[in-house]
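Bear in mind the structure is a predicted one, so any value in this text is a computation, not a measurement. Side-chain atoms are counted along with the backbone in the values below, which use heavy atoms only and exclude waters and symmetry mates.
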There are 2 protein chains.
Amino acid sequence: MTQRPDAPADAVAEVLSALADPTRRRILDALADRGEATATALAAELPVSRQAIVKHLGILDRAGLVAGHRAGRESRYRVIPERLEDTARWMDRVAADWDSRLAAIKRLAEGS
Amino acid sequence: MTQRPDAPADAVAEVLSALADPTRRRILDALADRGEATATALAAELPVSRQAIVKHLGILDRAGLVAGHRAGRESRYRVIPERLEDTARWMDRVAADWDSRLAAIKRLAEGS
DNA sequence: TCCATCTGCTACCCGATGGTTGCACGTGTC
DNA sequence: GACACGTGCAACCATCGGGTAGCAGATGGA
């Protein structure tokens, strides 16, 4: 696990709200499965229209979880793990922060 | 970091959508700061009404990120790191999964 | 006991968002 | 060149979710 500088807060925010939607998570799953896929291929597998998939891919792209490139007349998308790892580390850091704060308060309550 | 069994998918989903809202993140921040706080105290600090805070605390509670107990006529809430750690681990696992799938596909593309 | 205060509903408003349909525009194929 | 297929864009709809206001019910303090 390479040690990148901490993710900016709004990048984390975008990842979180992108990941909050179940359909989006299913899209990511399907994408990770195939390595690469087009919006129409994903629409064939999931119970939503192609246009809905396209919208979701746009959001996932802006969050940096996915990247697309044009190949002939179709545009293929693939998954990118980097931002997800960043967000996981952010979350771990926050959890650790909570832990230490709670411990400090507990010490304080017990009279130093 | 203790090794709990993997968090169920819908618990992760609840944490993610709870964390997706900026106001909710600010509430968690403020809560972690003070160790404990009431809804009215938080409403005094944040730019939303007490009722909004109450709703958010309800969502955070259902996600398991927060717990409240009644003390006299006021109900105090505190933050709970456990679910956050679970979700971070889930996220790390998914990212690792993506990585290995991408690697496998790359090997395949390069002809075994 | 009376009052102030804090909580816990309920009803309501409005903007964001997930979803759909329809159509026009490239691009590969015969 | 004609056709098929995939994409991209725009309009539109319905629901969900964040936010507010108002009121009734506890609970501690004077």
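Under the 3.5 Å distance criterion, the side-chain polar atoms of A:Arg76 are left unmatched by any main-chain donor or acceptor of A:Gly68. Formation of a donor-acceptor pair under 3.5 Å by the B:Ser75 side chain with backbone atoms of B:Ala71 is not found in this model. Between the side chain of B:Arg24 and the backbone N or O of B:Ala18 there is at least one donor-acceptor pair closer than 3.5 Å. At distances below 3.5 Å, not a single donor-acceptor pair connects side-chain atoms of A:Arg83 with backbone N or O atoms of A:Ala11.
The residue B:Arg24 sits close only to the backbone: its heavy atoms come under 4.0 Å of sugar-phosphate atoms, none of a base. Using a 4.0 Å heavy-atom distance criterion, A:Ser49 is classed as a base contact. Across all strands shown, B:Leu57 has no heavy atoms under 4.0 Å from either base or sugar-phosphate atoms. Within the nucleic acid shown, B:Leu46 has no heavy atom closer than 4.0 Å to any nucleic acid atom.
Among the nucleotides D:dT7, D:dT27, D:dA4, the one closest to any side-chain atom of B:Arg73 is D:dT27. If you check D:dT7, D:dC9, D:dG19 against the side chain of B:Val48, the one that comes closest is D:dG19. Which of D:dG8, D:dG6, D:dG19 sits closest to the side chain of A:Glu74 comes down to D:dG6.
Contact annotation: A:Thr40 does not reach the phosphate of D:dG6 (side-chain N/O to OP1 or OP2, under 4.0 Å). One finds a side-chain N or O of B:Thr23 lying less than 4.0 angstrom from the OP1 or OP2 phosphate oxygen of D:dG19.
A donor and an acceptor atom never sit less than 3.5 Å apart when one is taken from the side chain of B:Lys55 and the other from the base of D:dG17.
Spacing between atom CZ of A:Arg70 and atom P of D:dT7 amounts to 7 Å, rounded to whole angstrom units. Between the P atom of D:dC13 and the CD atom of A:Gln51 lies a distance of 17 Å, rounded to the nearest Å.
For the pair B:Arg34 and B:Glu36, the salt-bridge criterion is not met [side-chain N within less than 4.0 Å of a carboxylate O]. Looking at A:Arg25 and A:Asp21, no side-chain N of the basic residue comes within less than 4.0 Å of a carboxylate O on the acidic one, giving no salt bridge.
For the residue pair B:Gln51 and B:His56, no side-chain donor N or O sits within less than 3.5 Å of a side-chain acceptor on the partner.
Nearest-nucleotide mapping onto DNA chain C: of A:Ala52 and B:Arg76, the residue sitting toward the 5' end is B:Arg76. Residue order along DNA chain C, read from the 5' end via each residue's closest nucleotide, puts B:Arg50 first among B:Arg50 and A:Asp21.
Counting 5' to 3', DNA chain C first comes under 4.0 angstrom of a heavy atom of chain B and last does so at the ends given by C:dA4 to C:dC9.
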